[in-house]
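No hydrogens, no waters, no symmetry mates; every other heavy atom, side chains included, goes into these values. Protein chains get the first letters and strands the later ones, always in sequence-line order, with residue 1 at the start of each.
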Amino acid sequence: MEMYNPKPIEKKWQKTWTDEKAFHTGTDYTKKKFYALVEFPYPSGQGLHVGHPRPYTALDIIARKRRMQGYNVLYPMGWDAFGLPTENYAIKNHIHPKIVTKNNVARFKGQLSDLGYSFDWDREVNTTDPEYYKWTQWIFLKLFKKGLAYKSEMPINWCTGCKVGLANEEVVNGVCERCGSPVVRKVKSQWMLKITAYADRLIDDLDLVDYIEKVKVSQKNWIGRSTGAEVDFSIAGTDDVLTVYTTRPDTLFGVTYMVISPEHPYIEKYKDKIENYDEVIAYREEAAKKSDFERSELAKDKTGVEIKGLRAIDPVNGKEIPIWTSDYVLMSYGTGAIMAVPGHDDRDWEFAKKFGLPIIEVVAGGNVEEAAFTDVATGTLVNSGFLTGLEVADAKKKITEWLEEKGIGHSKTNFKLRDWVFSRQRYWGEPIPIVKCDKCGFVPIPEEELPLTLPDVDSYMPTDNGESPLAAMTDWVNTTCPCCGGPAKRETDTMPQWAGSSWYYLRYTDPHNTEALASKEALKYWLPVDWYNGGMEHTTLHLLYSRFWHKFLYDEGVVPTKEPYQKRTSHGMILGENGEKMSKSRGNVVNPDDIVNEFGADTLRTYEMFIGAFELSAAWSQEGVKGCRRFLDRVWKLQEIVSDARGYSKELETKIHQTIKKVSSDFEALKFNTAIAAMMTLVNEFYKAGSITKDDFATLLILLNPVAPHITEEIWEKLGMGGRLYAQKWPEHDEAKTVEDTIEIAVQINGKVKGTVKVANDAADDVVKAAAHELPNVAAILAEHTVVKEIYVKGRIVNIVVK
RNA sequence: GCGGAUAUGGCGGAAUGGCAGACGCAGCAGACUCAAAAUCUGCCGGGGCGACCCGUGUGGGUUCAAGUCCCACUAUCCGCACCA
């Protein structure tokens, strides 16, 4: 028999599957459906990385299994192709991003094709295709018309050297990654999407879906819903109040100072009253150099400046307290001002200690001289006037009622979630379909004019003043107002990469539709996505943004479901051989092409699934790859022992049924490593038996087919099994046949294993116990001790407690 | 800082509270070979001649029984809103 040679086999079957339209998604909407989705890749210049095949293979296994189970399966693939790296590459090499993208996509597609995935390539989408982004723009217009897209002054990272806005990632330790110049925050008018309007539903509707728990937790934490109160503090000598948000209104009697963000408008408003204005402004300029992230870190050194000349009055006791400014208070959360309760908040405590501000205990239970006491479950109020003696929860309720009665505060739900900054001063993104007219303001372009295509430009560099490269295209920018017909200018910012990926799963259901983003029938049939797998790194933002858009489209009557994804799972990263993240600079990147060339695609697929627990990161091992190739070689050579009868019959039948059961359930639980281990064990058993029947082999081939589709299809054909393997029915196990005739029971004395006994699987309890007592070393111990207790766990263990 | 996760042989990892180390890699020994590779067979956590003893990051606890449950630590990794 010839040796297993994967290359021609894989090419042959990839071509056959394409010719036979084996994985073409049907449009018979009466058939039961299954929509499997993996995150579409960003087609980078580096080509495919061995991290990509992990999730793709996992859901390819599920998709292939579902087809064998009789489902109409949608398993699509596409390209999330707008983005910074392509644009930066284009700038550097003077190649149009369109061309760069086209080349990268071709490379990625070729590499993916070599891996034998069952994608329906007729449904390929590309976010940079005007026929695609036409609908991205259409969704934006809908949002705009509903008042969910608005302009606001937001800071950007501004490189003082390159004179361009930078992505957070391009800012390293406060300086520009490229030129090393300091980066400062510069305020710019930007498009925002009002995701906060959906904050409650984005949390509450998590009850409707089956996401792995840590994904739900990360969504909830990101949204960060908290309930507390807004409280007005009068400013001494003015009619004004300083409003703060607090989750601990119960600690109002413990307020010893207030802190406002360096950007707080009162600094300008009370410029004349502030005695040390210059010092305050100098501090603000210093703070502007730090990111929110750096600012909110619990740094050992808190910084801040007292605002002299401005004092606040605590509404509960009329005490006058100082107002400070510090960069740990962010303008972007709450009201940009806090009441400081150093006795019961860690950051306030640090600050008070550093600047010698008083600390008052108002909740008993800790030692506020040592540390802030923040436990809300056990504390009782002290030194708190009418709140003294109450539990924290009751005090919160009572003080909130009191504040509302007096008209100086009210309960308030707050979210950490902020509105979505939707503008980018970049070329390679979807143009925002808005024009600005001096008379009419911001005017949406008419829907029938979509797509608003990106004009070709020669230079993709942002302009010196921080505008998008599109701003330099005067022919394109100058237009007429769709409303009044007068002169108007186009919006020159583009959308972020998140835009295209927020709705791509909808387009797959009907990718060539020219009338709508997808037909009602297609959406009704295919939604929701049954199973969406992606990286943990996308489980907060991408998932949140696409859920937000979906909910909006649901409100608009465009989609029929409240949630886009019924089930969400996540995979771990593939690390380099040294256990570090794979990267060019570390020199530990493994290219899947090399593995396919040397061992074959089936080996790569098998290894990626065998490497470890799917949800955990795993280090690559070239030696481990060899082991998987060896396994496939052994499967191939099973052809030599096929005969009319099995070597041993009953035991092998039991093993086969156990394997069907385990592989079927392990695939569903994403436990591919143990499923493959079980198939390896079965192959070992086949060899031990010496001979197997065609049917035995057929069962193994079907089970292994989703993992290693080419080799199994080839053997299927060579054995003359009839038809195509991909079109076979998934096997069912017979529960009765999974039970072994005799079982081994461990025998323990005081929890220590002393030996095992073999008994019939239906042996009565006392028979098993008697057998256990007869074990020589057990009998010896029993002769010298008294039995206190004896436990028999059926089919597992006997534990005899003696003294 | 905030949020999430992880820790088991030389390595990747397995184990509904019930025989720790399945399966694979590496290693060792043997078979085949002039030889090597490949393949096949056996061994393979540590200590001890042995009966046995020790062993799942650390320290406590619950239980007849703990890698698994509880409490307190330690270390490492990932994300943090303009990377995707």
Engineer: Go along nucleotides 39-57 of chain B 5' to 3' and tag each nucleotide: B for a protein heavy atom under 4.0 Å from its base, S when only backbone or sugar atoms are that close, - otherwise.
Structural biologist: SS-------------S---
Engineer: Using a cut-off of strictly less than 4.0 Å, decide whether Asn750(A) has a side-chain nitrogen or oxygen near OP1 or OP2 of rA65(B).
Structural biologist: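 Answer no for this pair, as no side-chain N or O of Asn750(A) is under 4.0 Å from OP1 or OP2.
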Engineer: Round to the nearest Å and state the distance from Trp498(A) atom CH2 to rC82(B) atom P.
Structural biologist: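 Going from Trp498(A) (CH2) to rC82(B) (P), I get 8 Å.
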Engineer: Taking atom OG of Ser664(A) and atom CG of Leu703(A), what is their separation to the nearest 0.5 Å?
Structural biologist: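 The distance works out to 6.0 Å.
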Engineer: Where the side chain of Glu623(A) is defined as all heavy atoms beyond and including C-beta, which of rA20(B), rA26(B), rA5(B) is the nearest nucleotide?
Structural biologist: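 It is rA26(B).
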Engineer: Check the distance between rG4(B)'s P and Asn221(A)'s CG and give it to me in whole angstrom.
Structural biologist: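 After rounding, the gap between these two atoms is 5 Å.
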Engineer: Could you give the distance from OH (Tyr56(A)) to NE2 (His571(A)), rounded to the nearest 0.5 Å?
Structural biologist: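 It comes to 8.0 Å.
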Engineer: Does any part of the side chain of Pro6(A), heavy atoms only, come nearer than 4.5 Å to the side chain of Phe599(A), both counted from C-beta?
Structural biologist: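 Not touching, per the 4.5 Å side-chain cut-off.
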Engineer: Compare side-chain N and O positions of Gln748(A) against OP1 and OP2 of rA65(B) and report whether any pair is under 4.0 Å apart.
Structural biologist: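 For Gln748(A), the contact criterion (side-chain N or O under 4.0 Å from OP1 or OP2 of rA65(B)) is not met.
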Engineer: In whole angstroms, how far is the C1' atom of rA81(B) from the CG atom of Leu543(A)?
Structural biologist: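 The answer, rounded to whole Å, is 15 Å.
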Engineer: Whom does rA7(B) pair with, Watson-Crick or G-U wobble, provided both distances fall under 3.5 Å?
Structural biologist: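 By the stated definition (distances under 3.5 Å), rU74(B) pairs with rA7(B).
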Engineer: Whole-Å distance between rG3(B) C1' and Ile223(A) CD1?
Structural biologist: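 It works out to 13 Å between those atoms.
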Engineer: Looking at rC83(B), rC64(B), rC82(B), which one has an atom nearest to any side-chain atom of Trp420(A)?
Structural biologist: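 Taking heavy atoms from C-beta onward, the closest nucleotide is rC82(B).
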Engineer: According to a strict under-4.0 Å criterion, is Asn684(A) in side-chain N/O contact with OP1 or OP2 of rG24(B)?
Structural biologist: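 It does, given that an N or O in the side chain of Asn684(A) lies less than 4.0 Å from OP1 or OP2 of rG24(B).
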Engineer: Among residues at least two apart in sequence or on other chains, which ones pass ring pair (Phe, Tyr, Trp, His ring centres under 6.0 Å) with His52(A)?
Structural biologist: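 For His52(A), the residues satisfying ring pair (Phe, Tyr, Trp, His ring centres under 6.0 Å) (neighbours in sequence not counted) are Phe108(A).
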Engineer: When the distance from CG of Leu541(A) to P of rC2(B) is rounded to whole Å, what number comes out?
Structural biologist: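 Computing the Leu541(A):CG to rC2(B):P distance gives 20 Å.
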Engineer: Go through rG18(B), rG24(B), rA81(B) for me and flag the one nearest to the Asn799(A) side chain.
Structural biologist: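 Selected nucleotide (nearest to the side chain): rG18(B).
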Engineer: How is Lys626(A) classified with respect to the nucleic acid when contacts are heavy atoms under 4.0 Å: base, sugar-phosphate, or nothing?
Structural biologist: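 Touches sugar-phosphate only.
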Engineer: Using a cut-off of strictly less than 4.0 Å, decide whether Arg424(A) has a side-chain nitrogen or oxygen near OP1 or OP2 of rC82(B).
Structural biologist: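 Checking Arg424(A) against rC82(B): at least one side-chain N or O falls below 4.0 Å of OP1 or OP2.
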Engineer: Are Trp191(A) and Phe140(A) close enough that their ring centers fall under 6.0 Å?
Structural biologist: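 Under 6.0 Å, so yes.
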Engineer: Is there a donor-acceptor pair under 3.5 Å between the side chain of Asp765(A) and the backbone N or O of Tyr792(A)?
Structural biologist: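 No; zero donor-acceptor contacts below 3.5 Å.
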Engineer: Taking the basic N atoms (NZ, or NE/NH1/NH2) and the acidic carboxylate oxygens, is any pair closer than 4.0 Å for Glu153(A) and Lys188(A)?
Structural biologist: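 No.
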Engineer: Pick the P atom in rG79(B) and in rA15(B), then give their distance to the nearest Å.
Structural biologist: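 My reading of the P atoms in rG79(B) and rA15(B) gives 27 Å.
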Engineer: With a 4.5 Å limit on heavy-atom distance, are the side chains of Val798(A) and Ile791(A) in contact?
Structural biologist: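 Sidechains of Ile791(A) and Val798(A): no contact.
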Engineer: Do the side chains of Leu700(A) and Val683(A) get nearer than 4.5 Å, heavy atoms only?
Structural biologist: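 A side-chain contact exists here, since the closest heavy-atom pair is under 4.5 Å.
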Engineer: Quick check for you: among rA81(B), rC23(B), rC19(B), whose closest atom lies nearest to any side-chain atom of Thr681(A)?
Structural biologist: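 The nucleotide sitting nearest to the side chain is rC23(B).
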Engineer: Please report the distance, rounded to the nearest Å, between CD in Gln219(A) and P in rG4(B).
Structural biologist: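 After rounding, the reported distance stands at 14 Å.
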Engineer: For nucleotides 9-17 of chain B, read 5' to 3', which letter fits each nucleotide if B means a protein heavy atom sits under 4.0 Å from the base, S means only the sugar-phosphate is that close, and - means neither?
Structural biologist: ---BSSSB-
Engineer: Given the structure, check if the side chain of Glu744(A) and the base of rC19(B) hold any donor-acceptor pair shorter than 3.5 Å.
Structural biologist: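 Per atom types, the contact qualifies.
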Engineer: Taking NZ, NE, NH1 and NH2 as the nitrogens, is one of them in Arg629(A) or Glu598(A) under 4.0 Å from a carboxylate oxygen of the other?
Structural biologist: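 The answer is no: the pair does not qualify as a salt bridge.
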Engineer: Ignoring hydrogens and geometry beyond distance, is the side chain of Gln622(A) in donor-acceptor contact with the base of rC25(B) at under 3.5 Å?
Structural biologist: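 Donor-acceptor pair under 3.5 Å: no.
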Engineer: Name the orientation of the base relative to the sugar in rG30(B): syn if the glycosidic angle is within 90° of 0, else anti.
Structural biologist: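 Because its glycosidic torsion lies more than 90° from 0, rG30(B) adopts the anti conformation.
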Engineer: Give the rounded distance in Å between these two atoms: CD of Glu87(A) and P of rC83(B).
Structural biologist: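 To the nearest whole Å, that distance equals 13 Å.
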Engineer: Would you say rC64(B) has OP1 or OP2 under 4.0 Å from some side-chain N or O of Lys789(A)?
Structural biologist: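 Looking at the OP1 and OP2 atoms of rC64(B), one of them is under 4.0 Å from a side-chain N or O of Lys789(A).
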Engineer: Could you give the CE-to-P distance, from Met3(A) to rA38(B), as a whole number of Å?
Structural biologist: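 Going from Met3(A) (CE) to rA38(B) (P), I get 12 Å.
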Engineer: Between Thr681(A), Thr738(A), Leu682(A), which is the residue that forms a side chain to side chain contact (heavy atoms under 4.5 Å, CB included) with Thr659(A)?
Structural biologist: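 With Thr659(A) as partner, side chain to side chain contact (heavy atoms under 4.5 Å, CB included) holds for just one option, Leu682(A).
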Engineer: With a 4.0 Å cut-off on heavy atoms, is His538(A) in touch with a base, just the backbone sugar-phosphate, or nothing at all?
Structural biologist: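 Answer is base: heavy atoms of His538(A) come under 4.0 Å of a base.
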